[in-house]
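What follows is one structure encoded as structure tokens, with my remarks underneath.
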Amino acid sequence: MKALVLAGGSGTRLRPITHTSAKQLVPVANKPVLFYGLEAIAAAGIREVGMVVGDTHKEIEAAVGDGSAFGLEVTYLRQQAPLGLAHAVLIAREYLGEEDFVMYLGDNFIVGGIEPLVRRFAGERPDAQIMLTRVPDPRQFGVAQLDAGGRVVGLEEKPDAPKSDLALVGVYLFSPAVHEAVAALKPSWRGELEITEAIQWLIDAGRPVASTVISGYWKDTGNVADMLEVNRLVLEELDRRLDGEVDDDSELIGRVVVEAGARVTRSRVVGPVIIGAGAVVRDSYVGPFTSVAENCRLVDSEIEYSIVLRRASIQGVRRIEASLIGHDVEVTPAPNTPRAHRLVLGDHSKVQISS
């Protein structure tokens with residue numbers, strides 16, 4: 001079995017971060033979310049990975065390389081425009097050949113990996129196997145309808161009036177039969193080749209389509225709120241580790257990781273928290289569920305439930321919560337007089353100010 005990992009797309013819901021960074025490389029607990037998916041694929045015993053990339057291909061290729069760091073063999077497949085999940089299958093046709101494959105959306109996060117799903121597929125050999133989970137607003141997802149016996153009878157992509165609350169999770173398994181389905185598709189109202197329509201084609205053709213309703217944790221990390229929630233979940237699994245420097249005037253409580261080369265001085269850190277290599281935390285408070293990436297500076301400030309990306313600097317700021325702070329960002333207080341906020345913000349930024 002091969003894997004097809006989708007790492008294209010523009011990441012509009014994570015702007016302005018994704019103006020300069022691939023959405024799949026935004027870190028969770030200081031590790032790109034894409035890496036968790038690659039590790040899950042390797043753990044399932046799959047070695048050959050075709051990675052579909054778009055405009056951010058150089059950054060993705062620099063981060064993943066040939067895949068050997070994950071025990072994988074990665075081949076890059078260029079998608080000129082994000083024209084749908086089924087379009088990714090279409091352009092990967094030659095690479096996939098007549099192999100079964102798992103399709104994994106690179107910005108999705110699934111607790112527990114995919115090994116049980118791959119094992120079930122290999123044993124039962126349907127032409128498609130999908131994962132489903134119950135969501136409060138299925139209009140944002142591909143939605144599956146099951147009959148009384150639990151068989152998939154219908155699929156819709158982002159319907160206005162969903163027939164169930166069962167959303168498709170971003171992991172699919174297919175036999176080579178899916179290529180015939182994809183070849184028969186026409187663009188949807190969104191101008192894309194929809195994978196839901198390909199699976200519906202298989203159902204209509206009488207081909208076996210299996211489903212699993214998962215009760216574990218899954219997130220599409222496409223927006224800031226979901227990124228912070230996944231970060232919280234991963235940090236919950238931290239083991240305390242202090243490889244950097246922590247002075248006697250600092251207090252570290254609970255599961256705190258201080259990477260080698262990081263320095264914590266006269267500060268209070270309440271875990272779960274990770275402080276990356278080369279970071280400086282001085283005269284500050286770092287609260288639970290915060291990831292501070294490498295070479296950041298946090299001085300005379302307070303932060304909690306947030307993600308801080310590489311080389312960001314936060315100095316003299318009273319309180320930051322539930323925030324995603326990008327690479328090389330500088331956050332400082334405004335002058336006392338006149339009492340005004342002074343902002344330099346990129347396109348699509350979102351700011352909430354407590355006056």
Side-chain angles (χ1 to χ4, degrees), residues 1-11 18 21-28 31-110 113-115 117-119 121-122 125 127-131 168-183 185 192-195 198-199 220-222:
M1 179 180 286
K2 292 181 177 179
L4 187 65
V5 176
L6 275 55
S10 56
T18 49
S21 177
K23 64 177 180 177
Q24 298 84 4
L25 296 181
V26 177
V28 169
K31 181 166 69 176
V33 67
L34 174 63
F35 288 11
Y36 292 94
L38 294 176
E39 291 168 354
I41 288 167
I46 299 169
R47 292 294 172 260
E48 295 180 75
V49 175
M51 187 167 296
V52 178
V53 293
D55 291 342
T56 58
H57 65 98
K58 291 183 179 178
E59 190 179 4
I60 297 286
E61 290 171 24
V64 176
D66 63 3
S68 57
F70 305 92
L72 302 170
E73 301 172 12
V74 175
T75 299
Y76 293 97
L77 307 169
R78 187 72 189 275
Q79 187 181 35
Q80 296 302 321
L83 297 176
L85 303 188
H87 182 261
V89 177
L90 186 67
I91 66 170
R93 179 68 181 93
E94 182 177 350
Y95 172 79
L96 294 169
E98 296 305 312
E99 301 276 355
D100 294 341
F101 66 98
V102 56
M103 185 169 74
Y104 197 113
L105 275 57
D107 59 352
N108 276 223
F109 185 90
I110 299 171
I114 62 171
E115 193 274 334
L117 189 72
V118 171
R119 188 172 61 245
F121 180 85
R125 291 305 313 283
D127 283 319
Q129 185 167 311
I130 58 177
M131 295 175 70
L168 276 75
V169 174
V171 177
Y172 310 77
L173 290 104
F174 294 111
S175 79
V178 74
H179 297 301
E180 185 181 358
V182 168
L185 295 181
E192 299 184 2
L193 297 181
E194 308 286 3
I195 200 65
I199 300 170
D220 170 1
T221 60

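For residues 88-105, the set of pairs meeting the salt bridge (charged side-chain N to carboxylate O under 4.0 Å, His left out) definition, not counting sequence neighbours, comprises Arg93-Glu98, Asp100-Arg125.
Nearest heavy-atom pair, Gly50 versus Leu77, reported as atom, atom and distance to 0.1 Å: CA-CD1, 4.2 Å. The two residues Val33 and Asp107 come nearest to each other via the heavy atoms CG1-CA, 4.2 Å.
Counting heavy atoms from C-beta outward, Glu194 and Leu185 have side chains that stay 4.5 Å or more apart. Side-chain contact between Val49 and Phe70 is absent, with no heavy-atom pair separated by less than 4.5 Å. In this structure, the side chains of Phe174 and Ile199 come closer than 4.5 Å at one or more pairs of heavy atoms. In this structure, the side chains of Met51 and Leu38 come closer than 4.5 Å at one or more pairs of heavy atoms. Counting heavy atoms from C-beta outward, Ile114 and Ile41 have side chains that approach closer than 4.5 Å. A heavy-atom distance below 4.5 Å is not found between the side chains of His57 and Val52. Val64 places none of its side-chain heavy atoms less than 4.5 Å from the side chain of Leu72.
Leu117 CG to Leu173 CG: the interatomic distance, rounded to the nearest 0.5 Å, is 4.5 Å. For the atom pair Asp55 CG and Arg78 CZ, the distance stands at 6.0 Å (nearest 0.5 Å). How far CE of Met103 is from CD1 of Ile130: 11.0 Å, rounded to the nearest 0.5 Å.
Ring orientation note: the planes of His179 and Phe101 are close to parallel, at an angle under 30° on the 30°/60° scale.
Between the Asn108 side chain and the Gly170 main chain, a donor and an acceptor come within less than 3.5 Å of each other.
Glu39 pairs by the salt bridge (Lys or Arg N to Asp or Glu O under 4.0 Å) definition with Lys31, not counting sequence neighbours.
Annotation for Glu115: atom CD counts as buried by contact number, over 12 foreign heavy atoms lying within 6.0 Å.
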